[in-house]
Amino acid sequence: MSYKEAFESAKSDPEKFWMEAASHVDWVKEPSKALFSENAPFYEWFKDAQVNTCYNAVDRHVENGKGDQTAIIYDSPITGSKGKVSYAELQEQTAALGGALQAQGIEKGDRVIIYMPMIPQALVAMLACSRIGAVHSVVFGGFAANELATRIDDCTPKAIIAASCGIEPSGVIAYKPLLDAAIELAEHKPETCVVFQREQLTADMIDGRDVDWNASQVGVTPAECVAVSGDHPVYILYTSGTTGAPKGVLRPTAGHIVALNWTMKNVYDMDPGDVFWAASDVGWVVGHSYICYGPLIHGNTTLVFEGKPVGTPDAGTFWRVISEYNVKALFTAPTAFRAIKRVDPKGEFIKKYDLSCLKTLFLAGERADPDTIVWAQDHLGVPVIDHWWQTETGFAIASNPWGIEKLPVKLGSPTVPMPGYDVQILDEAGKEVADGEMGAITIKLPLPPGTLPTLWNADARFKSSYLDAFPGYYETGDAGYKDEDGYLYIMARTDDVINVAGHRLSSGQMEEVLSGHPDVAECAVIGAADALKGQTPIGFVCLNSGTEKSNEDVIKECVGLIRSKIGPVAAFKTALVVDRLPKTRSGKILRGTIVKIADGQDYKMPATIDDPVILDEITAALKAIGYPKV
Ligand code: COA
Ligand code: AMP
């Protein structure tokens, strides 16, 4: 089948297309049909089925005689340790932890927060939850206690599973004090915390609440896989929105299994048994879909890598891992390649390893700049496939459909919409624009299986965030265009989401935090172009009159405030004290114009600007700290 045929068949007969994809899943009770539209615009797929995610990701492979195959490879250059977990061992481990959770009173539908670094136990925790029908919510380790508290209050977990620490190049990061502080801050209190003690740091335990990962599993009955209905949430994953409160993206069980299994072959061209490596983190959607669930459901071997592309110990780490474990496809964010290229521009480390096993490099998470793609192509000698998706969709909206048909690569484009996604570029009035013209990138409803049906406990917010702007369409929040061959180009966000090192952050949320500083009268945060991270945030703060502190002190406090309230992941290191912010006459801050100044781009003087002189002041302030940088 060609790409066009696959795309058309998903469009003209979605029932047939997705029921065929569903036939590769092991059901407890098969779905009677694919799409359930009765609660539209909340679309649901395979709703009347009964199924279990962990069974499909683990047990069925053991039952099919693949128990000895490696499910997870663990490689941690940062701690100097390595290991392998077979499918049979993974079954044992998920059953044991699932049994321990059940013994703590966790049942189908209960929420469990997971706060763990890149160790195999993070996957065991996710799978153990899905084994017993509990709904997990993984929180990235680089978030501060306050962010963890927000998520605790939103999804009200009965239990939290955490590791004692994470390990970053800067040193050991104690997770347990962050967890304790978050529970202290939150209104909702979990009943149990299961703590995995790493050898690098033993956490203090709180009597009556905390239980040890190993001890909790002793003597418990191993958990069977609990059947759940097709629409049961397998997980909630929080992502940045326009305001400080993160959005809880809900992932439905059945569509998730069907779609991820389908993508492993059709998008990534992987066959069962192949080694797939997504160099990301379990805290992000890439980690959910392609470190944990996708490869395991499809019977691949997945890689849990605890390290960075550079500095752990050098810019050859990725190549060492690829050759050592026979990796067939690598998936990472362009920023990882920019980091490697900066340290090793000639690719000297690449030459030291036999990379003949590597067939493809997939990039996502942020715009893939042509320089990075060309560098990777030239040095690795494999096709570099940019693909575009988001937390909400859980798998690629647009990609080169590598397992269906290898389409010509066009630099700067993540290629074409995947089957199931009717992507349309609309103008402000909701009319489709001509080829080559920029507009809001939307997807005609319904979205395909595996995508979010709604937000956790927030149907109204789901509608206002995604559906209200263009009735009948899902608004992706990205702007871009299609060319005459139907290739998509993703150019910018239409909201205040910024993308720092492939991490999605909200500049609006950072502004909320800065506004909380007692000396800040008003502020703006923008994302400025950065040669390594894609974008980095810059804060502009105006101080209350009569402030006695020096500008330097206020800046230091602002940087500290974002780090303590949002976390180190925000990479907020630069703030400027300015007298005034450029605004329209109606008082709207001209953030877009500030971005253009910071990036050294030409800009048109906004017709509605209140006082043009302020732009000169902003330009001078940025110049004083070395902007524009790129
Ligand atoms: N736990 C605790 N802290 C964490 C963390 C975690 N899991 N992950 C990151 N942090 C901290 C870092 O230590 C750093 O703190 P610092 O300010 O004290 O140095 C901060 O958060 C920013 O981290 P990071 O964005 O990783 O920046 P970096 O400068 O350490 O590394 C890159 C830059 C490009 C090497 C790195 O971002 C990278 O490898 N990116 C790959 C892309 C990726 O995984 N994207 C995910 C989506 S696909
Ligand atoms: P996240 O939800 O964290 O995965 O972030 C999703 C957002 O990252 C998208 O809406 C885009 O803005 C951006 N993004 C992801 N992949 C790409 C890509 N291949 N090209 C351009 N932008 C991308």
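Numbering of ligands and ligand atoms starts at 1, following listing order. Throughout, numbering of the chain's residues begins at 1 and tracks the sequence.
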Would you mind finding which of C165, G365, S280 brings a heavy atom closest to atom 44 (O) of ligand 1?
S280

Considering all protein heavy atoms, does one lie under 4.0 Å from atom 36 (C) of ligand 1?
no

Between K533 and ligand 1, find which residue part has any heavy-atom pair under 4.0 Å and reply side chain, backbone, both or neither.
side chain

Taking only non-hydrogen atoms of R563, do any sit less than 4.0 angstrom from ligand 1?
yes

Is atom 4 (C) of ligand 1 near the protein, in the sense that some protein heavy atom lies at less than 4.0 Å from it?
yes

Protein heavy atom at shortest distance from atom 18 (C) of ligand 2:
E366 O, 3.3 Å

In terms of atom number and element, which parts of ligand 1 are under 4.0 angstrom from non-hydrogen atoms of T335?
34 (C), 40 (N), 41 (C), 42 (C)

Please report which non-hydrogen protein atom sits nearest to atom 8 (N) of ligand 1, along with the residue it belongs to and the distance in Å to one decimal place.
F140 CZ, 3.2 Å

W284 N/O under 3.5 Å from ligand 1 N/O
no

Does only the side chain of A501 get under 4.0 Å from ligand 1, or the backbone, or both, or neither? Count heavy atoms.
both

Any sub-3.5 Å donor-acceptor pair from S507's side-chain atoms to D496's backbone N or O?
yes

Determine, step by step, whether K556 and E552 satisfy the salt bridge (Lys or Arg N to Asp or Glu O under 4.0 Å) criterion, reporting the C-alpha distance in whole Å, the side-chain angles of both residues, the deciding distance to 0.1 Å, and the verdict.
CA-CA 6 Å; K556 225 186 258 165; E552 289 70 30; over 6 Å; no

